[in-house]
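All remarks here apply to the structure that follows.
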Protein chains: 2
Amino acid sequence: MSETLRISRKFSQRAVMETIVQGGPISRASISKQTGLSKQTISEIVRQLEIEGWVRETGRTSGHVGRTAVTYELVPDAAYIAAVDLGGTKVRVAIADLTCQVFAEDVAPTDPRGGQAVVDQIVDMCFRAADAQGIARERIRLAVIGAPGAPDDKTGRILLAPNIPHLDTMNVAAAFEKGFGFDVMLENDVNLAVLGENWLGQGQGIDNLAYIALGTGIGGGLMVGGNLVRGASHAAGELGFLPFGADPFEPESLHYGAFERVVASAGIIDRFRAASGKTLSVPAIFDLATEGDVDALKVLDDTARLLSRGIGAIAVIANPQKVILGGSIGLRPEMLERVKIFLPQCFPYPIDVEASALGARAALVGAAAIGLGHLHNTLFGADTPDSRISLPPASTVALREVAQ
Amino acid sequence: MSETLRISRKFSQRAVMETIVQGGPISRASISKQTGLSKQTISEIVRQLEIEGWVRETGRTSGHVGRTAVTYELVPDAAYIAAVDLGGTKVRVAIADLTCQVFAEDVAPTDPRGGQAVVDQIVDMCFRAADAQGIARERIRLAVIGAPGAPDDKTGRILLAPNIPHLDTMNVAAAFEKGFGFDVMLENDVNLAVLGENWLGQGQGIDNLAYIALGTGIGGGLMVGGNLVRGASHAAGELGFLPFGADPFEPESLHYGAFERVVASAGIIDRFRAASGKTLSVPAIFDLATEGDVDALKVLDDTARLLSRGIGAIAVIANPQKVILGGSIGLRPEMLERVKIFLPQCFPYPIDVEASALGARAALVGAAAIGLGHLHNTLFGADTPDSRISLPPASTVALREVAQ
DNA sequence: GTTATTTAGTTCGGTGACTGAACGAATTAA
DNA sequence: TTAATTCGTTCAGTCACCGAACTAAATAAC
């Protein structure tokens with residue numbers, strides 16, 4: 001086994017690729033300086049990468065003393081990935097190339113039949129999007145699917161995803177792989193949202209980051225030291241079961257989650273009904289609050305207090321540098337305002353809380369991030385122990401521009 | 001820079017060392033098989049390690065077909081570390097060699113003056129312990145100090161450690177380094193306890209692990225994916241501030257922690273006083289409960305219910321595979337019993353909860369673990385990205401035997 | 001008690017990844 | 001035109017490692 005040698009070469013090749021990914025069009029001399037490898041070695045590796053079709057010449061430098069340099073960049077269409085955000089009501093798909101340019105994006109209502117129907121729907125959406133842009137299907141190497149719940153690596157099922165039928169009884173991963181014909185990664189949607197925010201949103205450069213999605217339900221994603229916290233059974237971040245809000249020892253809490261029962265949509269609607277006698281939707285309650293309705297204002301205050309406690313619980317346990325709020329309710333400025341008031345009243349040291357910058361697209365961006373990172377890793381040095389994702393800097397990425 | 005080559009050599013050297021650490025006395029042929037490196041290379045590296053004084057011949061194999069093999073092992077006294085558990089009432093120190101044999105161990109009451117006095121006390125204890133065993137002071141390379149609170153890497157202070165005076169206003173790390181004359185690592189004591197249990201206690205082989213120390217106060221340590229979770233400001237695990245138990249919006253909760261106020265000693269004593277009118281110590285309340293006192297039993301039940309909710313909160317956020325209970329109250333079997341009953345009543349999926357196997361020595365063992373790991377890392381391949389700690393298997397370690 | 005078999009460890013020659021130094025090439029500054 | 005600067009290649013190594021062949025030393029088999 002010439003294992004060490006092989007690691008050594010891959011290691012260098014990967015370093016070069018990373019430098020090109022990060023540094024845009026760049027000359028071999030610059031790569032040499034940045035990586036510490038000698039000029040000869042860089043020339044050799046770049047030549048090899050060019051033959052294999054990963055990089056290409058893109059021009060020459062000019063306007064400085066000394067000989068002009070040939071610059072190299074990624075071949076954008078060397079590979080594509082499909083990023084999918086499978087939600088209870090909507091499916092979003094995007095096709096992105098290696099340089100993280102989005103080539104096609106599409107949104108549709110989730111097929112209510114769930115199960116195989118949703119799988120087929122997604123595969124179809126992705127392929128149509130690719131076709132529409134003239135991208136050959138074989139060029140797509142990987143799909144990353146974000147979904148609510150806890151994907152189980154062993155069985156391929158998605159547990160705890162009550163809003164989409166049948167995902168907990170079938171091998172979702174296998175079904176997607178069959179439909180697509182290439183590798184598929186399943187990941188919790190909120191986990192993807194943290195990754196997305198960490199890459200292009202509110203959490204750039206922050207290694208200890210939490211994301212809370214509050215809407216119909218409540219879920220959390222956590223990054224510690226730059227890595228996702230998935231938990232022993234991929235159930236980390238199921239915040240609905242935090243043991244406060246409702247009495248956690250009531251049987252109902254065991255079923256729906258003591259925290260989710262009171263802080264998510266249903267809880268908000270219930271509290272407003274209890275106070276005013278009227279049954280309204282959450283947006284309607286927010287509207288009433290804007291008009292100054294006392295009951296509605298009280299309900300929002302109480303919700304924000306609960307949310308603050310949820311944030312406090314995360315802060316106590318994991319001490320993230322920043323907490324990002326997302327989800328249809330978490331994104332409302334009325335919530336953020338109130339949390340900024342209530343959180344310091346129940347938590348001893350300051351926590352940076354902000355609204356998501358990517359909004360509903362956070363998970364999609366995260367899916368692209370994990371997919372492209374994974375792709376770079378498998379292509380250049382999967383056997384390297386250090387597999388931190390290397391992604392282009394935020395400023396160069398087209399995904400960002402479409403955001404909001 | 002011949003950086004890659006250097007990485008390559010160090011990498012192999014480290015792999016060999018690791019194999020020797022793990023595999024006890026071992027022949028070069030076996031190392032070759034285990035590492036995948038060729039026999040010649042192993043011979044070369046081992047020769048080098050022997051010259052540098054890290055390994056030595058220890059005998060020959062016998063009783064099997066084929067030529068006998070020369071076996072090699074670590075030179076135990078190549079380096080020593082000092083492990084220190086600095087608690088509010090007691091200081092424990094241990095001197096351990098590279099093979100994790102404990103050469104000296106000592107316990108004393110913590111100097112009540114705190115600050116520099118405690119530093120001097122600890123330095124003195126360590127050096128006397130080393131002297132008593134004839135270990136030259138220069139052979140000690142590193143001290144690991146576990147203390148309550150949040151050590152701040154930048155200033156060297158230890159914040160949030162109310163039980164030991166003056167640690168939050170002085171550069172503790174610098175003071176220790178001046179006293180010892182070698183490197184010092186500061187770490188939260190509960191974090192060390194998790195590491196200890198992960199190495200030699202209840203959490204062996206479990207990468208996602210939580211430890212809860214319940215006594216005068218409450219603190220938690222969390223391991224995710226084999227790494228400690230320290231948090232952005234090293235305040236992860238300050239469970240006293242979990243936002244339930246007492247009302248988290250009361251000003252007192254902001255000061256002492258809503259959860260700590262009710263679940264730790266003071267809260268237990270308060271609740272018993274409220275129920276019975278009598279003021280008793282926590283052990284006395286436990287004794288009464290054993291005798292069947294209704295108030296005492298009720299107080300323990302309530303405490304266990306609170307503790308279960310705390311465990312639930314950790315499980316919801318980080319989803320560890322196992323939760324270990326420690327601390328003077330957490331270690332009581334009455335607590336574990338009750339938690340095993342109450343936890344399933346407020347948490348939807350099963351969590352493995354056990355009492356600490358190392359008891360009061362968990363942090364000390366953890367200090368040794370982190371210190372020896374760090375030592376191996378700095379000696380053999382600090383620049384290697386993958387710096388997972390390599391420690392001898394539990395079965396060969398003397399630290400364990402002294403346990404309980 | 002010789003021979004076969006198995007395992008340990010060395011020597012030898014060779015390979016792949018990388019380097020330093022020297023040099024030619026191409027540009028701006030003087 | 002010359003000097004200064006930077007780019008990129010060629011050349012002749014070094015270093016870590018390997019495969020194969022070989023010697024050395026033990027047990028197993030006859």
Side-chain angles (χ1 to χ4, degrees), chain A residues 1-17 19-20 23 25-52 55 57-72 380-381 383-384, chain B residues 1-17 19-20 23 25-52 55-73 380-381 383-384:
Chain A
M1 277 184 254
S2 60
E3 202 180 316
T4 318
L5 287 179
R6 237 175 269 144
I7 284 180
S8 195
R9 187 181 42 191
K10 272 242 174 180
F11 193 87
S12 301
Q13 207 181 50
R14 186 197 156 103
V16 171
M17 273 302 281
T19 314
I20 296 176
I26 188 174
S27 72
R28 280 167 293 176
S30 304
I31 299 175
S32 169
K33 271 175 214 145
Q34 283 187 37
T35 58
L37 296 164
S38 69
K39 288 188 288 177
Q40 316 87 285
T41 306
I42 299 300
S43 283
E44 208 171 286
I45 291 174
V46 168
R47 200 173 306 131
Q48 189 60 35
L49 289 172
E50 200 175 1
I51 290 170
E52 288 173 13
V55 304
E57 275 190 48
T58 185
R60 321 192 112 245
T61 59
S62 66
H64 59 85
V65 191
R67 177 175 168 177
T68 53
V70 179
T71 55
Y72 288 82
F380 311 100
D383 37 4
T384 310
Chain B
M1 278 184 255
S2 61
E3 203 181 313
T4 317
L5 287 179
R6 236 175 269 145
I7 285 180
S8 194
R9 187 181 43 195
K10 272 240 173 183
F11 193 87
S12 301
Q13 208 181 51
R14 184 197 159 104
V16 171
M17 274 302 282
T19 313
I20 297 176
I26 189 172
S27 72
R28 281 167 292 175
S30 304
I31 299 175
S32 168
K33 270 174 214 144
Q34 284 187 38
T35 58
L37 296 164
S38 68
K39 288 191 287 178
Q40 318 88 283
T41 306
I42 298 298
S43 283
E44 208 172 285
I45 291 175
V46 169
R47 200 173 305 131
Q48 189 59 36
L49 289 173
E50 199 175 3
I51 291 171
E52 289 173 14
V55 304
R56 67 180 179 203
E57 274 190 49
T58 186
R60 319 193 114 248
T61 58
S62 66
H64 59 85
V65 191
R67 177 176 170 176
T68 55
V70 180
T71 56
Y72 289 82
E73 65 173 11
F380 310 100
D383 38 4
T384 310

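Predicted model, so just to flag it, every value in this text is computed and none were measured. Each chain gets a letter, A, B and so on, in the order its sequence line appears, and its residues count up from 1.
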Once salt bridge (Lys or Arg N to Asp or Glu O under 4.0 Å) is applied, do any residues pair with R56(B), and if so which ones, sequence neighbours excluded?
E73(B)
Residues that A29(B) engages under side chain to side chain contact (heavy atoms under 4.5 Å, CB included), provided they are two or more places apart
S27(B)
Go through dT10(C), dC7(D), dT19(C) for me and flag the one nearest to the T41(A) side chain.
dT19(C)
Could you tell me which residues satisfy salt bridge (Lys or Arg N to Asp or Glu O under 4.0 Å) with E44(B), sequence neighbours excluded, listed by chain and number?
none
Sequence-distant partners of R67(A), side chain to side chain contact (heavy atoms under 4.5 Å, CB included), two or more places apart
none
Identify, with sequence neighbours excluded, every residue that meets side-chain hydrogen bond (donor to acceptor under 3.5 Å, both in side chains) alongside S43(A).
none
Between R47(B) and dG9(C), is there a contact of a side-chain N or O with OP1 or OP2 at under 4.0 Å?
no
Approximate separation, where rounding is to 0.5 Å, of L37(B) CG and S12(B) OG
5.0 Å
Please list, chain by chain and in numerical order, all residues satisfying side chain to side chain contact (heavy atoms under 4.5 Å, CB included) with T19(B), sequence neighbours excluded.
I26(B), I31(B), Q34(B), T35(B)
Can you tell me which nucleotide in dG9(C), dT10(C), dT9(D) comes closest to the side chain of S43(A)?
dT9(D)
Nucleotide by nucleotide, 5' to 3', does protein get under 4.0 Å of the base (B), only the sugar-phosphate (S), or neither (-) in nucleotides 1-7 of chain C, counting heavy atoms?
-----BB
At under 4.0 Å between heavy atoms, what does Q40(B) touch on the DNA or RNA strands: base, sugar-phosphate, or nothing?
base
Return the set of residues passing side chain to side chain contact (heavy atoms under 4.5 Å, CB included) with E52(B) (not counting sequence neighbours), or none when no residue passes.
Q13(B), Q48(B), W54(B)
Here the helical stems involving DNA chain D, each at least 3 consecutive Watson-Crick or G-U pairs closer than 3.5 Å, sorted by first residue number, are C:1-23 with D:8-30, C:25-30 with D:1-6
